[in-house]
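Below is one structure, written out as structure tokens; the observations come after it.
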Amino acid sequence: MSHATDASVAERRTMLQYFKWAFIVTGVGLVLGAILGWRTTGTFGGTLTIFFICLVLAVLEISLSFDNAIVNANKLKDMTPVWQRRFLTWGILIAVFGMRIVFPLLIVVIAADIGPWQAMVLAAARPEEYAAIMHEAHLPIAAYGGTFLMMVGLSFFFDHEKDVHWVRWLESHMQRYATIRGIEVAVVLMIILAFSRFLEPAEWQVFFTAAIWGLLTFLLVEVLGGLLDSAQDIRAAGAQGGLGAFLYLEVLDASFSFDGVIGAFALTNNLFIIAIGLGIGAMYVRSMTIMLVEKGTLTQYRYLEHGAFWAIIALSVIMYLQSLVHIPEVITGLGGAALIGVSLWSSVRWNRREANAQTDA
């Protein structure tokens, strides 16, 4: 009964209703950006520049995180409504304030060995120095986040129960070898070793250590999620599959955020402008996630998930490559969007073929 009700509600909701809060946050964020621009520059031109940077950062976040929305929806559709609401409320607070404000501060605290307050003062008073520390920390961040995302992507394809294949010749082989225990871990370790060979000895150690921590984080989240979910008794069955999935999604969102946060410093050194721009983008990702879950878009377009997970693997490889060469964030965002777009087009073609076959029958 509740599923039927949810479906009817989803049908009645328009696109504007799904993105209502995203539009509100956009308006508030851009006003705050304009105020911040006027207070920091005191000129109309400077205010417009910061206003424009906030818009660009929001678009950057959306383009980099569209595949994140699809993966979130994939996990959320199997969660209970209670935990869905918790992720979409608490989760967005963690995503905006935790990853866009606390995370960059935490990096500087660790890298510069200073206190949180000193890091905040550094961000406000000496943004160039703050940005330099963030860029110096890019290598371990890329290794850590890239490894976690690669495990996420490979785990989707190395699944012996997976019966729908988009890139058939490759995905069918991956599904066939999924019965080999730990094969995705072995693949990731080989890729880590391959990339490590191109780095200087000092960088190699940093890269390898951070990558191993990324691998361990994925495995620990998987184990912890399984333990938390299996520990629920019958009376707490409503939360079953909730807390473990919640933790998984939060770590996943953090991994997606690494690239956007680091890339944002190419546009501005001001932490607060970055928080506004990326925070606006995060709200659109949240709205897209809700729409995908309620409208059952992943079910309607059978290859959309495949495109998202291939985009995740591509993003993880790009993060690895960024330890060797600089890759503009626009390439990262457009690459992921292109893979998802092609998978959507393939899904539409498949739906048309099925409809024609039924009509002919």
Q | Leu36 with Val31, same ILVMFWY side-chain cluster at under 4.5 Å | A | no
Q) What heavy-atom pair brings Ser323 and Leu139 nearest, and what distance separates the two atoms? A) CB-CD1, 3.3 Å
**Q.** Residue Tyr284 excluded, over 12 heavy atoms near OH under 6.0 Å
**A.** yes
Q: Could you check Met283 against Phe23 for side-chain contact (heavy atoms from CB on, under 4.5 Å), going step by step and ending with a plain yes or no?
A: CA-CA 9 Å; Met283 283 301 299; Phe23 293 147; over 6 Å; no
Q: Could you tell me whether Trp213 atom CH2 has more than 12 heavy atoms of other residues or ligands within 6.0 Å of it?
A: no
Q) Is a side-chain donor or acceptor of Thr26 paired with a backbone partner of Ile280 at a separation under 3.5 angstrom? A) no
(Q) If I take atom CG from residue Leu149 and atom CD1 from residue Ile318, how far apart are they, to the nearest 0.5 angstrom? (A) 11.0 Å
(Q) According to a hydrophobic-cluster definition based on side-chain heavy atoms being under 4.5 Å apart (Ile, Leu, Val, Met, Phe, Trp, Tyr only), do Tyr177 and Ile191 belong together? (A) yes
Q: For residues Trp169 and Val167, determine if any side-chain heavy atom of one lies less than 4.5 Å from a side-chain heavy atom of the other.
A: yes
Q: For Thr179 and His160, work out which heavy atoms get closest and say how close.
A: CG2-CB, 4.0 Å
Q) Any idea how Phe156 and Phe309 line up, ring-wise: parallel (<30°), tilted (30 to 60°), or perpendicular (>60°)? A) parallel
Q: Would you confirm whether the ring centroid of Trp310 sits within less than 6.0 angstrom of the ring centroid of Phe157?
A: yes
(Q) For Tyr303 and His306, take the angle between the two ring planes, folded into 0 to 90°, and tell me which bin it lands in: parallel under 30, tilted 30 to 60, perpendicular over 60. (A) perpendicular
(Q) Using side-chain heavy atoms (C-beta onward) and a distance below 4.5 Å, is Met288 in contact with Phe19? (A) yes
Q.
Please evaluate residues Thr147 and Tyr320 with respect to the criterion side-chain contact (heavy atoms from CB on, under 4.5 Å), reporting the C-alpha separation (whole Å), side-chain torsions for both, the decisive distance (0.1 Å), and the verdict.
A. CA-CA 8 Å; Thr147 302; Tyr320 276 7; 2.5 Å; yes
Q: Considering only Ile, Leu, Val, Met, Phe, Trp and Tyr, and joining two whenever side-chain heavy atoms are under 4.5 Å apart, list the other residues clustered with Phe44.
A: Leu48
Q) Do you reckon Ile35 sits in the same ILVMFWY cluster as Ile53, going by side-chain contacts under 4.5 Å, direct or chained? A) no
Q. Which distance, rounded to the nearest 0.5 Å, do you find between the CG of Leu215 and the CG of Leu220?
A. 9.5 Å
Q: Kindly check if the number of other-residue, nucleotide or ligand heavy atoms within 6.0 Å of CD (Gln205) is above 12?
A: no
Q | Side chain proximity check, Val188 to Glu184, heavy atoms < 4.5 angstrom | A | no
Q.
How close do Ile276 and Gly29 get, counting heavy atoms only, and between which atoms?
A. CG2-O, 3.2 Å
Q. Please, which pairs that meet salt bridge (charged side-chain N to carboxylate O under 4.0 Å, His left out) have at least one residue in residues 140-167, sequence neighbours excluded?
A. Lys162-Glu171
**Q.** Straight-line distance of Ile70 CD1 to Leu292 CG, nearest 0.5 Å
**A.** 6.5 Å
Q. Could you go step by step and tell me if Ser346 and Trp166 meet the side chain to side chain donor-acceptor pair (under 3.5 Å) rule?
A. CA-CA 8 Å; Ser346 298; Trp166 180 37; 3.0 Å; yes
Q: Please report the shortest heavy-atom distance between Tyr144 and Gly214, naming the atom on each side.
A: CD1-N, 3.4 Å
Q) Taking all atoms of both residues into account, what is the closest heavy-atom pair of Ser287 and Ala22, and its distance? A) OG-CB, 3.6 Å
Q) From Asn351 CG over to Tyr301 OH, what is the distance, rounded to the nearest 0.5 angstrom? A) 7.0 Å
(Q) Starting from Trp350, can I reach Trp345 by hopping between I/L/V/M/F/W/Y residues whose side chains sit under 4.5 Å apart? (A) no
**Q.** Smallest separation among heavy atoms of Ala210 and Pro140, with atom names
**A.** CB-O, 3.3 Å
Q) Between CG of Leu324 and CZ of Phe198, what distance do you get to the nearest 0.5 Å? A) 7.5 Å
Q: Walk me through it: do Met174 and Leu154 pass the test side-chain contact (heavy atoms from CB on, under 4.5 Å)?
A: CA-CA 9 Å; Met174 295 174 77; Leu154 291 178; 3.9 Å; yes
**Q.** Leu189 side, atom CG; Ile192 side, atom CD1 - distance, nearest 0.5 Å
**A.** 5.0 Å
Q.
One pair to check against side-chain contact (heavy atoms from CB on, under 4.5 Å): Phe272 and Leu32. What are the steps and the verdict?
A. CA-CA 10 Å; Phe272 308 105; Leu32 290 175; over 6 Å; no
Q) Do other residues, nucleotides or ligands put more than 12 heavy atoms under 6.0 Å from the CZ atom of Arg181? A) no
